Amino acid sequence: MSISGIGSYAASILTPSRGSAGTSASAAATAADSPAATKSGSGGAQKTDFTQMTHKQLFDWVNSKIASGEMSFDESSTFISMTVSMPVDGSSMAPDDKQPVNFMQSVRGGMERALQTNDSDLFTRLQTALHTMQRSQGEVRGVNMTV
């Protein structure tokens, strides 16, 4: 299976511009507390939230799923392509750990574009990724014992 077939296209449709607004500073701070998680209001429990996750947090979430055997490498390819942050100036390909992204909405937008371009393979991969995110949304990923 080739990741490169979806990588550049998915990254271009899933990476928001650097100047996009709409994310509060508290959401960014909360999203940065732990990989692929935000704190809930109940005792420091960290829950997966694909609606306010950085590229790095998504990358860490995918790695944890692969390491635990919950996701195969082939299943991860669509997610891996979403973790690539492509700044306008082209300075870094490393996962961005600062800008939260609504990956669920980005995938829905990608599915719409795939339908418009009759790309059924991309649509199916994005639909599978969305179903995975929906199943994992809100999943407790850890507990902060220092709270």
Side-chain angles (χ1 to χ4, degrees), residues 1-41 45-143:
M1 172 173 228
S2 171
I3 294 174
S4 62
I6 183 175
S8 61
Y9 178 73
S12 70
I13 64 172
L14 297 173
T15 304
S17 67
R18 287 288 185 224
S20 64
T23 303
S24 69
S26 64
T30 301
D33 284 341
S34 66
T38 60
K39 288 184 182 179
S40 73
Q46 301 164 342
K47 295 187 178 185
T48 302
D49 184 0
F50 294 101
T51 65
Q52 294 185 26
M53 185 179 284
T54 67
H55 290 93
K56 177 146 179 17
Q57 289 171 327
L58 181 61
F59 183 81
D60 292 343
W61 177 83
V62 170
N63 276 340
S64 73
K65 292 296 184 181
I66 293 170
S68 69
E70 296 174 66
M71 183 181 288
S72 72
F73 180 76
D74 285 345
E75 293 168 324
S76 74
S77 64
T78 302
F79 289 101
I80 294 298
S81 67
M82 287 186 262
T83 67
V84 178
S85 177
M86 294 186 182
V88 175
D89 66 2
S91 61
S92 173
M93 291 295 288
D96 181 359
D97 65 347
K98 293 176 179 63
Q99 181 70 35
V101 175
N102 184 338
F103 284 104
M104 293 180 98
Q105 185 59 43
S106 295
V107 168
R108 286 183 189 104
M111 290 169 64
E112 288 176 22
R113 283 185 288 283
L115 284 175
Q116 292 169 355
T117 61
N118 294 321
D119 190 339
S120 60
D121 184 47
L122 177 61
F123 179 85
T124 301
R125 290 191 310 260
L126 291 172
Q127 185 177 47
T128 300
L130 182 61
H131 288 154
T132 300
M133 287 190 279
Q134 289 169 334
R135 281 192 312 271
S136 299
Q137 180 72 4
E139 167 183 88
V140 175
R141 300 296 301 155
V143 177

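Side chains included, hydrogens not; waters and symmetry mates left out as well; all remaining heavy atoms used. On a predicted model such as this, the values are computed, not experimentally measured, just so you know.
- Between T132 and R135, the side chains place a donor N or O and an acceptor N or O closer than 3.5 Å (distance only, hydrogens not considered).
- Residues K65 and W61 form a side-chain contact, since some pair of their non-hydrogen atoms from C-beta on lies under 4.5 Å apart.
- Put simply, the side chain of M104 reaches to within 4.5 Å of the side chain of Q134, judged on heavy atoms.
- Scanning all heavy atoms of the two residues, the minimum distance from I66 to S72 falls at CG1-O, 4.4 Å.
- The two residues S136 and T48 have their closest heavy-atom pair at O-CB, 3.6 Å.
- Between F79 and M71, the closest side-chain pair of non-hydrogen atoms falls below 4.5 Å.
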Exercise. Please report the C-alpha distance between D119 and R113 in whole Å, then the side-chain angles of each, then the deciding distance to 0.1 Å, and finally whether the side-chain contact (heavy atoms from CB on, under 4.5 Å) criterion is met.
Key: CA-CA 8 Å; D119 190 339; R113 283 185 288 283; over 6 Å; no

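- For the pair A129 and T78, the tightest heavy-atom approach, listed with the atom from each and the gap, is CB-CG2, 4.0 Å.
- Taking CE of M111 as the reference point, atom OG1 of T124 lies at 8.5 Å (rounded to 0.5 Å).
- For the atom pair CG of N118 and OG of S120, the computed distance is 8.0 Å after rounding to the nearest 0.5 Å.
- When all heavy atoms of L126 and G110 are compared, the pair lying nearest together is CD1-C, 3.5 Å.
- If you check the side chains of Q137 and D49, you find a donor sitting under 3.5 Å from an acceptor.
- Using a 4.5 Å heavy-atom cutoff, the side chains of Q105 and T51 are not in contact.
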Exercise. Verify side-chain contact (heavy atoms from CB on, under 4.5 Å) between F50 and L58, making sure each step is shown before the conclusion.
Key: CA-CA 8 Å; F50 294 101; L58 181 61; 3.8 Å; yes

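- Of the inter-residue distances, the one linking T83 atom OG1 with K56 atom NZ reads 10.0 Å to the nearest 0.5 angstrom.
- Here the OG-CZ distance, from S81 to R125, works out to 8.0 Å after rounding to the nearest 0.5 Å.
- V107 is listed as a side-chain neighbour of M82, based on a closest heavy-atom distance under 4.5 Å.
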